[in-house]
Amino acid sequence: MVNMGADELAQSAWSRVDTGVPHSARVWNYWLGGKDNFPADRELGDKVYEVYPDIVRVARAQREFLVRAVTFLAGEVGIRQFLDIGTGLPTADNTHEVAQRIAPDSRVVYVDNDPLVLVHARALLTSAPGGATAYVDSDVRDPAGILTGAAELLDFTKPVALVMFGIMGNVADTDEARAIVRHLLGEVPSGSYLALNDGTHGEDVDKAIEITQADGHPYNLRTPEQVTSFFDGLEIVEPGVVSTPFWRPVPGQEPQSLHIFGGVGRKP
């Protein structure tokens, strides 16, 4: 686990980037229409798209859910501290940008273990005046290390929003994944929140996962009930754990169900 400034992050990370091998964060960036990807990433992205064209909608729906969830947390709830685990590559409307548009004093810690995300961390560490951002180089399987690094910026005696979008599918065992979430929730006070979503099973998406696994990028889909189980013991915010386009859609939108479920819950 490393917690350092943007220049140090970029210098230490670039040598670890292998542009000839596809990486999930860069493939996701490609589906989002970003430019931080390489031919190997686009090739895998196109293979997945051929069998599961909804993957582009899934990628965009997850980003839109992040915007709505963080807007709710920073606006309606008044959360001022965010721990975003499994950040991915910077794109439009990153967590700190959404939160600090509402509350400029918001403090955000990003966590990821992808070296290319480290290279681009400068975009994540540009905070609004009065607020602050930091980056922790760590893996979701090390919740203790994440919390230690995040504590350099966040005050864990005050409510924190845990943002965990599309990350728990990287943990194969559901019990282990639940234990990680429980560990993190156990270290934040009452009034903290969990915002989480993950991919769920479907015929086309299951075929897509077979392709990514064959390329060395396993991802573990779960049932809607298993995604809901991450919120055990929490007060689940309406409308509950749902296909993410249906979580508080923007007025005028006509959401359509996708194989990605999520929600927001409050620690009593």
Side-chain angles (χ1 to χ4, degrees), residues 22-71 84 86-95 98 112 114 117 163-172 174 177 195-231 239-264:
H23 191 285
S24 57
R26 302 195 304 254
V27 175
W28 199 258
N29 176 265
Y30 173 52
W31 289 327
L32 282 171
K35 298 179 180 179
D36 296 315
N37 50 75
F38 301 96
D41 308 305
R42 297 190 284 273
E43 181 180 352
L44 177 56
D46 288 340
K47 286 181 183 178
V48 171
Y49 180 81
E50 287 177 7
V51 300
Y52 184 44
D54 269 352
I55 188 61
V56 172
R57 292 175 57 213
V58 166
R60 293 173 182 171
Q62 177 165 289
R63 176 58 50 164
E64 291 163 0
F65 176 43
L66 182 145
V67 172
R68 298 196 304 277
V70 173
T71 297
D84 185 336
T87 302
L89 286 162
T91 183
D93 287 328
N94 300 296
T95 296
V98 178
D112 209 295
D114 175 19
V117 178
V163 179
M164 305 181 74
F165 285 177
I167 185 63
M168 298 317 298
N170 292 301
V171 181
T174 300
L196 178 148
N197 73 5
D198 227 330
T200 55
H201 291 282
E203 184 177 352
D204 290 345
V205 68
D206 287 347
K207 291 179 182 177
I209 291 299
E210 291 177 6
I211 291 172
T212 62
Q213 288 177 335
D215 267 86
H217 297 281
Y219 193 84
N220 303 278
L221 300 171
R222 295 196 159 88
T223 66
E225 293 75 20
Q226 288 173 325
V227 176
T228 301
S229 73
F230 288 117
F231 295 88
V241 181
V242 295
S243 180
T244 56
F246 289 90
W247 197 89
R248 301 192 172 208
V250 174
Q253 285 186 340
E254 296 183 2
Q256 296 180 335
S257 184
L258 294 169
H259 293 295
I260 181 169
F261 271 64
V264 176

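Asp206 meets the side chain to side chain contact (heavy atoms under 4.5 Å, CB included) test with His201, Leu221; sequence neighbours excluded. Judged as a ring pair (Phe, Tyr, Trp, His ring centres under 6.0 Å), and not counting sequence neighbours, the contacts of Phe65 are Phe165, Trp247. Annotation: side chain to side chain contact (heavy atoms under 4.5 Å, CB included) contacts of Asp93 (sequence neighbours excluded): Val67, Val98, Arg101.
Annotation: side chain of Leu66 is in contact with side chain of Thr95 (closest heavy-atom distance under 4.5 Å). A heavy-atom distance below 4.5 Å is not found between the side chains of Tyr52 and Ile209. Residues Tyr30 and Leu89 fail the side-chain proximity criterion, which asks for heavy atoms closer than 4.5 Å. At a threshold of 4.5 Å between non-hydrogen side-chain atoms, the residues Leu258 and Thr244 do not count as touching.
In this structure, CD1 on Ile55 lies 10.5 Å from NE2 on His259, to the nearest 0.5 angstrom. Interatomic distance, CD of Gln213 versus CD of Glu210, reported as 7.5 Å (0.5 Å rounding). For the atom pair CZ of Arg222 and CG of Asp198, the computed distance is 6.5 Å after rounding to the nearest 0.5 Å. The distance from atom CD1 of Ile211 to atom CG of Leu44, rounded to the nearest 0.5 Å, is 8.0 Å. To the nearest 0.5 angstrom, Phe230 atom CZ is 6.5 Å from Thr174 atom OG1.
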